[in-house]
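The structure under discussion appears below in the form of structure tokens.
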Amino acid sequence: MSRILITSAIPYINGIKHLGNLVGSQLPADLYARYMRGRGHEVLFLCSTDEHGTPAELAAAKAGMEVEAFCAQMHDTQAEIAKGFGLSFDHFGRSSSAQNRKLTQYFAGELAKNGLIEERSEQQVFSLADDRYLPDRYIEGTCPNCGYENARGDQCENCTKQLDPTDLINPRSAISGSTDLEVRDTKHLYLRQSALKDRLDSWITSKTDWPVLTTSIAKKWLHDGDGLQDRGITRDLAWGVPVKKGTEDWPGMEGKVFYVWFDAPIEYIACAAEWAEANGKDEATWRGWWNEAEGADDVRYVQFMGKDNVPFHTLSFPATIMGTNGDDKGWKLVDYIKSFNYLNYEGGQFSTSQGRGIFQDQALDILPADYWRWWLLSNAPESSDTEFTWERFQADVNKDLADVLGNFVSRITKFCRSKFGEEVPTGGDMTPEGKKLIEDLEARLAAYQTHMDAIDMRKAAAELRSIWTAGNEFLQTAAPWSRIKTEPEAAAADTRLALNLIRVYAVLSAPFLPAAAQTMLEAMQTDDTAWPSSMAQALTALPVGHAYTTPEVMFRKITDEEREDWASRFAGTRS
RNA sequence: GGCGGUGUAGCUCAGUUGGUUAGAGCAGCGGAAUCAUAAUCCGCGUGUCCGGGGUUCAAGUCCCUGCACCGCCA
């Protein structure tokens, strides 16, 4: 048994996310966490909401709320949705927590102590009407290049020319529309990532087992152009972690906060502290998960994220950790990064702003979580972008869940009920068909575990499906319904084996289908969730005479009418 | 314009370090069975492995080049 620390990229607070956000981080992380727990390992699975920064302030303003209240409310909403999808976080924290504030300030202080923070002066646009500095993209005006009137301060969307806010003709605030702007001098802190470039480079190079997607993105940022650039880690905002050097004030940085991309990954650590507090554990306990000088030597740390987040997790955050640790043993660097491509929707991209695609709350409104979990995980965008279409979703889910798994449970429980009564039948020895099934499953279990250990989700899902199919093959060849007429003892043995298969299916399927697994266990009236070490043994867990109940239809099918209705409902703008 | 990814059966995709007749699921066709959510099981695939060069005894699998789509960056 080992200890496994799992974090999923933390979702931003400004609204409800669509399915693409789910499949790229939280859902696969949950699959892995559930599997590892199932195998008997000690798991700490953490996720939080990412709450700081301008978009949160603007979303709050739009909702007519104070940003703190808005974040608190949206955090609860996202927590509720996560629960709906069965995400088994040990803790769902908040980057605005006191723990994160303290840790973020601590890391900045240590980095400064180690000479890795630099102060730089720059100019930034201040809006007097909004009483705030404006990030480049929140300044709009006429493009000097093409005359487009709604060009943003960072780039003109019309002619794609890169711009400086000061290039814009008639610049105005994108927030209020005010033209009462002025350019002010301001000071900011920069993290000297360039000083850590070589260490980062050799660290990444050593990760030969990581997905190519992960390392190729990291190497590109390390070597492209002038190489890894230093990064500004402070902003002139009100909503964020106040800039401090550890517990000390930082002269010249009054009124400024850390940039959201500096404090967000530190929340991975702070979340463990929040977890400890929420569960009455002491500081040593959570630090023992995170700091190698304080007991985390045996921890394997695995991160899950979409490809857009890779640079921050392979470079910026590791730079923070390395720069803080110096040459000493200290805070854990990630051991494995599982990254994902994008999920597309019916020929285009999911779009939050255009309301295109399916949002997480809507998905749960129309179907149980297991349908989504199964389809998303068995079609996860591991090697390339994946496309969601309603037609495929309907076909796959109906076939895999209703026809193959659900119907298996249904046919054998009902058959047994009518011929032997609702209990595991007695009599008969293992039939040749039964032996063959066990041999087959023995090999498939090994393959399933190999894929799950490697976090090869689509392959694991395919193998799990084959395990379900094996049950149907067995019934088809053993045919207890005809055998019962001539060899009732053999029919009883086959039925006994098939009923035991349901419990094994529950255990093996639980990482993908937690709710269905629960249904199967309840139907079989057992709480024996031991992961099979041998199939032969696992398939005798339910003894002769053990009573069970025949479950309701586990997965009803998606009808053509529903599919058409949903396809049109989610095509356009979210109402 | 630069970089990265992808391009394999009607559809979605597997194909490790180059090596027997290129595989799976779905859809389709044929058959078996009737316990079951008209569910299941069995059988059936010559597809220019995007095009063109090249290396090799041997390339989907390596090199060069072109094309298409996607993304990131300038």
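Just so it is clear: chains get the letters A, B, ... in the order the sequence lines come, proteins before strands, and each one is counted from 1.
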5'-most contact on RNA chain B: A:R392 or A:S418, nearest heavy atom basis? A:R392

Need to verify one output field. Residue with the more 5' nearest nucleotide on RNA chain B, A:A395 or A:D403? A:A395

With the stacking rule set at 5.5 Å and 30°, tell me whether A:W481 counts as stacking on B:C35. yes

What do the steps show when you test A:W261 against A:F317 for ring pair (Phe, Tyr, Trp, His ring centres under 6.0 Å), and what is the final call? CA-CA 9 Å; A:W261 262 112; A:F317 186 43; 9.6 Å; no

Between B:U61 and B:C44, how far apart are the two P atoms, rounded to whole Å? 28 Å

Now, which nucleotide makes the Watson-Crick or G-U wobble pair with B:C49, with each of the two distances under 3.5 Å? none

Between A:Y12 and A:H52, do the side chains contain an N or O donor and an N or O acceptor separated by less than 3.5 Å? no

Hey, is A:R465 close enough to A:D400 for a salt bridge, meaning N to O under 4.0 Å? yes

Rounded distance (Å) that lies between atom C1' of B:A33 and atom CG of A:N472: 13 Å

How many whole angstroms separate atom CD of A:E433 from atom P of B:A33? 17 Å

Rounding to an integer number of angstrom, what distance separates B:A58 and B:U65 when you compare their P atoms? 23 Å

Less than 6.0 Å separating the ring centroids of A:W468 and A:W374? yes

A:Q303-A:N309 side chain donor-acceptor pair, cut-off 3.5 Å: no

Which nucleotide in the list B:U37, B:C41, B:C13 gets nearest to the side chain of A:Q476? B:C41

Winner on side-chain proximity to A:R465, out of B:C41, B:C26, B:A36, is B:C26

Is there a Watson-Crick or G-U wobble partner for B:U21 with both distances under 3.5 Å, and which nucleotide is it? none

Between A:L475 (CG) and B:C42 (P), how many Å, whole number? 12 Å

Are any of A:K459's side-chain N or O atoms less than 4.0 Å away from OP1 or OP2 of B:C13? no

Name the pairing partner of B:U6, where a pair is Watson-Crick or G-U wobble with both distances under 3.5 Å, or state none. B:A68

Which value, in whole Å, describes the distance between the P atoms of nucleotides B:G31 and B:G51? 38 Å

On the nucleotide B:U37, are OP1 or OP2 found under 4.0 Å from the side-chain N or O atoms that A:K414 carries? yes

Is the phosphate of B:A39 approached by A:K399 (side-chain N or O, under 4.0 Å from OP1 or OP2)? no

note: A:N379, atom CG; B:C26, atom P; distance rounded to Å ~ 13 Å

Is the distance from the ring center of A:F393 to that of A:W566 below 6.0 Å? no

Tell me whether the OP1 or OP2 atom of B:U34 has a side-chain N or O from A:R411 closer than 4.0 Å. no

P spacing across the pair B:A59 / B:U21, given as an integer number of angstrom: 12 Å

Let's test this: given Watson-Crick or G-U wobble pairing with both distances under 3.5 Å, identify the partner of B:A74. none

Looking only at atom P, what distance separates B:C63 and B:U56, rounded to whole Å? 16 Å

Identity of whatever pairs with B:G43 - Watson-Crick or G-U, under 3.5 angstrom: B:C29

Of the options B:A39, B:C35, B:C41, whose atoms approach the side-chain atoms of A:F415 most closely? B:C35

Separation between the P atoms of B:U40 and B:A27, rounded to whole Å: 8 Å

Going by distance alone, is a donor N or O of one side chain under 3.5 Å from an acceptor N or O of the other, for A:E422 and A:T549? no

Classify the nucleic acid contact of A:T469 as base, sugar-phosphate or nothing, counting any heavy atom under 4.0 Å across all strands shown. sugar-phosphate

Partner of B:U37 under the Watson-Crick or G-U wobble criteria, both distances under 3.5 Å, comes out as none

Under a 3.5 Å distance rule, please check whether A:Q193 uses its side chain to pair with a backbone N or O of A:D230 as donor and acceptor. no

When rounded to whole Å, the CH2 to P distance for the pair A:W468 and B:U37 reads 19 Å

May I have the distance from A:M457 (atom CE) to B:U12 (atom P), rounded to whole angstrom? 20 Å

Using a 4.0 Å heavy-atom cut-off across all strands, classify A:F408 as base, sugar-phosphate, or nothing. nothing

Is the base of B:A36 touched by the side chain of A:N407 through a donor-acceptor pair closer than 3.5 angstrom? yes

Identify which nucleotide among B:U37, B:U40, B:C35 has an atom closest to any side-chain atom of A:M554, counting heavy atoms from C-beta outward. B:U37

In whole angstroms, how far is the P atom of B:A33 from the CZ atom of A:F474? 20 Å

Would you kindly give the CG-to-C1' distance between A:D400 and B:U37, to the nearest whole Å? 15 Å

Pairing partner of B:G60 (Watson-Crick or G-U wobble, both distances under 3.5 Å): none

